[in-house]
Structure formats: structure tokens, C-alpha cells
S.K.: 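Would you mind keeping the following structure in view while I ask a few things?
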Amino acid sequence: MGAESDPLSAVLNANTEDTKVPGVDDIPLGGTGKVISNSASRGSFPECILEDSGFEEPQEFRTRCSSLAGNLQRKPGENVILAPTRRRHASAPNHVQPSDTDKNRTMLFQVGRFEINLISPDSKTVVLEKNFKDISSCCQGMKQTDHFGFICRDHRDGGPSQYVCFVFQCASESLVDEVMMTLKQAFSTAAALQSNKTPVQLCEACPMHDLHKLCERIEGLYPPRAKLAIQKYLSQLNDNEQAEIFERVQRQKPGSDQEENELVIIQLRQLCESKQKTHSHLGDAPQNAAGSSAAGDGTTGGSRFKLDVLKNKARSSLTSSLENIFARGASRMRGRLGSIGSIGSFDRQDEESPDHSPPGSPLPFSDDDSEAGIQFRRRAHTFSHPPVKKRISFESYPTAQSKHPPLRRQQSVNPELLQSSNGEGRKRTLSACSTDSLSGLPLTPRRVSWRQKIFMRVASPMNKPAVSMEHPDHCDTSELLPLTPCALVSGLDPLGRLEPKRGDVAQGERPKRTGLEYRMLWKTAIHQQILLLRMEKENQRLEDASRDELHIRKMKLDYEEVGQCSKDAQTLWERKLCAPGRTTVPQDKEAMYRALCQGVPKSRRGEVWLLLSHQHRLRHRLPQRQQAPDIPYRNLLKQLTAQQHAILVDLGRTFPTHQYFSAQLGAGQLSLYNLLKAYSLLDTEVGYCQGISFVAGVYCCT
Amino acid sequence: MATAPYNYSYIFKYIIIGDMGVGKSCLLHQFTEKKFMADCPHTIGVEFGTRIIEVSGQKIKLQIWDTAGQERFRAVTRSYYRGAAGALMVYDITRRSTYNHLSSWLTDARNLTNPNTVIILIGNKADLEAQRDVTYEEAKQFAEENGLLFLEASAKTGENVEDAFLEAAKKIYQNIQDGSLDLNAAESGVQHKPSAPQGGRLTSEPQPQKEGCGC
């Protein structure tokens, strides 16, 4: 979506330095990974700096230098993103080296309307997503001007907020300038937008609001699943509304699930709009009723305004979700890769945090907020960290730090883990209406009991069971793991197991169990239960993943074939593709031609191309120096190309109507990008030229 | 919107239930389109169909919800039972297991609909006489024991398909006539439309529905 990448999707080829910045002087780091705003950086980039009213402790300033090195050694894992620890030059410990390409990766840095995304084209994942709201400051490197960095709040559930600094290296200084400009612009735009929005309070019961939530829920879902979700929603309507919607949709004879979903949503929207007209908001029902009965329009102006805003919101979310239904495959893929539960929820927290303040202004913690929390962001309380608390935790942090390694944090952003452990994460696109979203977050009680501690320990992805086992076909397994320990504790069978023992105790036949024993019993019981749940979840995830893969594959192959290829041809190719020595021994040219004339089965095209190119290479040996250098694709991906701007511009224009490529920076576009980049590096003479992307696009579709 | 064909005086809500693969969707398709759908995809959630029939000179519009038989959709499909005036409970005469599950379907139907809901048992695939696995007699007996209407039908040939829907409609209409079905009761599954059509309600006349918030 064009609007979303607004104000500018600055794509930079940031050689991302790992974060946590060992030696960067200009970005002040607290020894604990916490960062305080620095007056120097403030001076140089006043507009970019987002104040954080949470703390102002100048005395922390000086601690960093001394603690840095040791700190690094203590927990190298802390280096967040792409982060193997950076090797530092022995002679100049405080000097940032242009890092070796092995350690750093090329990333796309996208500045969205309310957030920054860091996308890794290699793995097609969104590695990092940060809300502007959480960014406390950002600035350019002073000595190393090709670096820039930002400091942002990092939520951990239950625990104190932490501040983390991310530092990036760009290909050139001008890029940094551009990024800084873009960020500045983005911040101010976001602030303006946000401040327009703040006065609006939402009414949970608004029909349009409901619809909005539905749209969010189905966004990016695979059509049959979306259909189910919609049907679930429809079943809450009364019979007449239900019948009417079904009837209208059926009359239009939808051809596919997707089409049907769209039609249903359109109908639903009409219904909700008409309902909205007569809807009186929960909060202001009395005045509203009075106003409308007495004076009609005059007094209800305020709520009218809200209503309009709401409507627009629902409408825009609607369109975006419709578009996302189209783009679903790609976005789903990205969501799958890019959002693991924890990232998703961290970001959610960001959204839910009670300060609906523009990112550029101090966070207001007025009474108003708590009310807003109750009224329309019910869950806000769970995740908000009132400033007082924050400060306390901040002060106490240095000591707690060693015991509290921010493991979760690291796991949540490490790209490898991203891919492996994402689970039923939030399906997310870069576009879309995520900023206002209100949907499902499990409640996490803040007070940590010992029971909960057990729970938290077990629930870390480290303990994932390798075993998987069959489980019955659940209709709705996405919420398999009840996240509140209370639910677990009350619902599980261990209780039952404990019961008779209690009886024994009551009869006095056995010595009374000590609290410790009970605790142990509970512990094992909870452990087992959690393991079970995790296994089920894991299973579901595997299932989903394979289904997704299939889906993407199907999407890729979704094009018209000119001619059908016969069974014979298929078996012929099958045989050719399995022939031993097919990459080293030239095959009969004539036979190959004949086979080609019979057609190539769609699904084998990729392999056939590969085979043909091998054969071509065997036959036409070029002089050594003309031969393209033999660099593995993976290494090519790590390099930078001069052509990248041109490539990026053309991504959106290559087969824009094809599902696979339609999502902005979706799986399709990113693989296309990778391919084009690799080619431009291999064939420096051609580099990138317009039109080549269509050829590459066809290759991507195999 | 063409109003003329929507001249009917009643609306009945139907549901079709039964194990997967017994031919629920085919029955519906045969009934609404008068065609046999050979390669019917499995239903996701619920599908919907309507047709206007005539019973005792009264035009009745049937709104039919065809549910998915697969267990995993049960959560969704169950929520569509509410307020059905008629339920078609379908099994496959060539597969005994589908017959054996009838009792659980019946329990579901009874629990989730109202007591006046007319349930008709349909043994589908009657054209496959050679592969018959459930006799007419035992099914008939089962139906009688549970107070169900019963028919054997074939969605393929169209045999008895009309009758199945009509029989149920007649029974419902009869219930209305003798007063055992209260039209005004909530979720009776029947709406009386004394006057002409009411199309376009969704868009044109916003109904003063206050219950919109309840959901």
C-alpha cells in the first residue's frame, strides 16, 4: 500500500552492525543495556529525539565506558539482531570497524507511518519492528558518520522495561542523512496523526468497531480459515441479519471462498453501517440519548465526530483487509516468518500501552488514561508500566541484570529463531492497520508467583519438546495454550491426582506433606501439563507450516499454461532429472530438443531450467576470464549492489497482479529482489536493466 | 431488486446436518438448482441456499443452512442450529457408520434447536441399491422411535429430494395451523410475512434495533 510506506520507505543498505554497540561513542549506553538520553545527541538532532519522561538520570552517564567491555563479554547473546558478537580491533577498541560481511547482513530499513521495520531479504523476515512510540532517541554517529542508531524501549512481560540501542551501518554517509531526514519526517507526521487521534475514545460495543476487529482477525488468513472466522462472527447476528447476508451473497454466486469472503464483508459492512447509525455508545449513552431526543444534531456533534472517525477507521481497515485477502499468501508467509509470538506481542504491548501519546511528546500518565484503559483498551492495564514503577526498576536494575539476562528478548529477534519458532504468530503485513489494532492478547498477570515462575521457565522456547505426537483434530487450535497460569492450574488433571492424597492426609494415615512436597508435586504436574500443551501447539505449527508451504507453492504456479504437457513428457523429464551425472556429462542435444518440444511440466520447470543451464555450461566452455565467477548465491546475498535502488523501484512493477508478487515487500518481491541483486553482482556488465525483472520473476515462479 | 418472485408469506429456516460425505450439499444443490453436483467440494463452515415452495396454497420461502459434516467445523456449525424450524438429518445408506452416528446428531439437534423443530431423517444415495448397508426398515424404525419423519432419497437422481423438503415444510405449516408452533416465540425459525416483500432492508431502512450492542 502506497500510503503505508509513507512518508518514505527509505531503503538503505544498512550493513547492520549488531546492536548493543560495543564501541560506538556517540550513542550512550548504560552499562546494563539501558540508555539515557545524551545531551550531545540532543543538540545535534533535536527533532529526532523523543523525550521519554520515564527517567532522567544523568549520573548514569559515565558508568557506561567502564562497564562496556566486561558487559559484552558477560553476555554476548545480548547483541540483538543479526548478532554474532562483533570482533573488535585490538588496537582501537573504541573504534568501529567496517565490519566483515560474514557477520553483518544487508537489510532493508523501512520507515512506516508509525513504526520502523527491519526486513531481512535473505530470510524474508521482518527482523525488527519498533513503534515510534518506543523510540526514545535516534541519531547519527558523530565520529563514524556512516552509522546511525536509535534507542528504544523493550518491553518484557511482567518485567521492567529495558532500553536497547540498535546501531546500523550504512553504505554511505549520504544514506544516513537520508535516513535521518526520513525518520524526522516520519516522527513528526506520526505525532501529528496521533494527536489528532487521541481525543477519540472508542466504544467497544460499536458495530463498526466489531467489524473492524473482525477484519483484523481475518487479515492475511488463508481464505477457508477467514471464511470460518467470518461465519463465527455471523453466527452472533440475529437470524434475519444472518439470512439476509447469506442470501445476498449467495445471489451473487461467488466463485471461490475468497470472493465469498469479500462479498460477505461488503454486506457486513453495510449492515454495520446501518446499525452504527442507531448505535449509542457505551460511555456516553445517557447524554447521547438525551441529546438526540431533545435537540437532534446539535448536542451530538461530538459523538458524531467520533462516529465518523470510527467509520473511517473501519472502512480503511476493511479495504486493507480486503486487499490483504488478495495478498494473503505473501503476507501470510511473511507473517509466518517474521512474527513470532513474542515479537508480535511485544509490538502489541506497544500499541496497548496506555500512553496514546504522539511519539514526539512526553508520555502523559494522566487520570484520563486509566479511564481510557477501561473504556476502550481494556487490556492496557496489564501491560502498562507506570512511570513510577519504571523508575524503580531502572534504579534497581544494575544488580538484577546478571540474574535477568534478557534472553527472551534475544530469542525474539534473532532471525534464525524467528524462522524456527514463530508458531501461530500474528500474521502481519507491512501494510495494514496494525497501529490501531485491539485484538487478542492474553492477559498476563503482573505479580509473579512461584507457580508462575515455574510456568515461565517451562514456557521458554528452549524447552521445546522434540517429540511430536498425534493429537485430535482441533477446530480452533490457534489458542491452544492458555497463557494464564491460573487457567492451567484450575483446569488440569494433576488436581485430580492430588485429590486422593489430600484425602489420605485428612485421614492421618500418612505423615503430613510438607509445603515443599506439595510444591514439588505441583511443579511436576504443571510441567507435564505444559509440556503436553506445548507439544500440541508444536504439532499444529508444523501442520500449518507445511500447509503454508504448499499454499505458496500453489500460488507461485498459479499461471496459465500455453500448452498442457503429456504424461509421456512428464515421465521423460522425470527420468532426465534423475539421471546420474546430469551436471557433468553432456546429454544428447537432439533428445533434449525433442523433449523440450513436448513441453515441460509446470512443477518441474525450475529443475529443468537448472538442468539446461548445467548442460549449456558443459557444452559452451568460456575462456576462463569470461566465465562468471563462481560465488555461491548465499554469499552474493550478503553483498551490496549499486543497482539496488533501481531494483527496488521495479519490484512493485513486476507482475503486480500476480498473487505471489502483489504484496509490497512480500515473499515474492523479496525473492525477486534477492535474485536480481545476485545477478547484478555476478554479471557486472549488465548489472540490472529494466525488464530483466520479468525474466527473473518467471524464474521465481517455479 | 426484483420484488415479484419474493412474494411469500412465510420464511422457514432449515438446517441440514449429518456426517461428512453423506451428500448434504448435493441434496441442497439438487433442491435449489435441480442439478446433481458430481464433484462437490467439502463444505467449510456453512453454505446457504434458498427456494420458494408452495404448501397448501401458501408460498413459503425456505432458507437452508447446509452445514459442514467434518468434526472440526462443529464449533461453527453448531451456532447455526439456533432457531431452525426444520432439520434434515442425513445419512448415507451405503455407509453404516453414518447411520450409527445419527444418535449424536439427533442429540445435537435436539439440544440446540427448539422443541418444535421438525426433524426429518433422510437416507441419501438411494440410487446405490446394490451397495446398501442400512435397510429401509431399521431406519424407519429408528425414525419412528424418535418421532422423526423419514425418507430415502437420492441427490443424484433427484428422487424424493423435493419431497424431503416439502414434507418437513408441510409438517411445520401444520404445526403453525394447529397452533403448536408459536410464531411469535423467539427463534421459532418461522417468520410470517403477511404483506409483500421487504427486500433491501439492510440498506434502505435502518431498523431501530437496539440489540445490536448485545453481540
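Residue numbers begin at 1 in each chain, while the letters A, B, ... track the order of the sequences. Reckoned from all heavy atoms, side chains included, excluding hydrogens, waters and symmetry mates.
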S.K.: Mind checking which of residues 79-87 of chain B sit less than 4.5 Å from chain A, heavy atom to heavy atom?
M.R.: B:S79, B:Y80, B:R82, B:G83

S.K.: Roughly how far, to the nearest 0.5 Å, is the CZ atom of A:R251 from the OG1 atom of B:T50?
M.R.: 7.0 Å

S.K.: Below 4.5 Å, heavy atoms only, C-beta onward: do B:F73 and A:L228 meet side chain to side chain?
M.R.: yes

S.K.: To the nearest 0.5 Å, what is the distance between CD on A:Q250 and CD1 on B:I64?
M.R.: 9.0 Å

S.K.: Can you measure from CD (A:Q231) to OG1 (B:T67) and round to the nearest 0.5 angstrom?
M.R.: 10.5 Å

S.K.: Is the closest side-chain heavy-atom distance between A:E260 and B:E47 below 4.5 Å?
M.R.: yes

S.K.: Less than 4.5 Å apart, any side-chain heavy atom of A:N240 and any of B:Q191?
M.R.: yes

S.K.: Residues of residues 13-23 of chain B under 4.5 Å from chain A (heavy atom pairs)?
M.R.: B:K13

S.K.: Got B:V46 and A:F246 here, is their nearest side-chain heavy-atom distance under 4.5 Å?
M.R.: yes

S.K.: Checking A:E247 against B:K61 for the side chain to side chain contact (heavy atoms under 4.5 Å, CB included) test, could you report, in this order, the C-alpha distance in whole Å, the side-chain angles of both residues, the deciding distance, and whether it holds?
M.R.: CA-CA 12 Å; A:E247 209 167 301; B:K61 176 175 182 175; 2.2 Å; yes

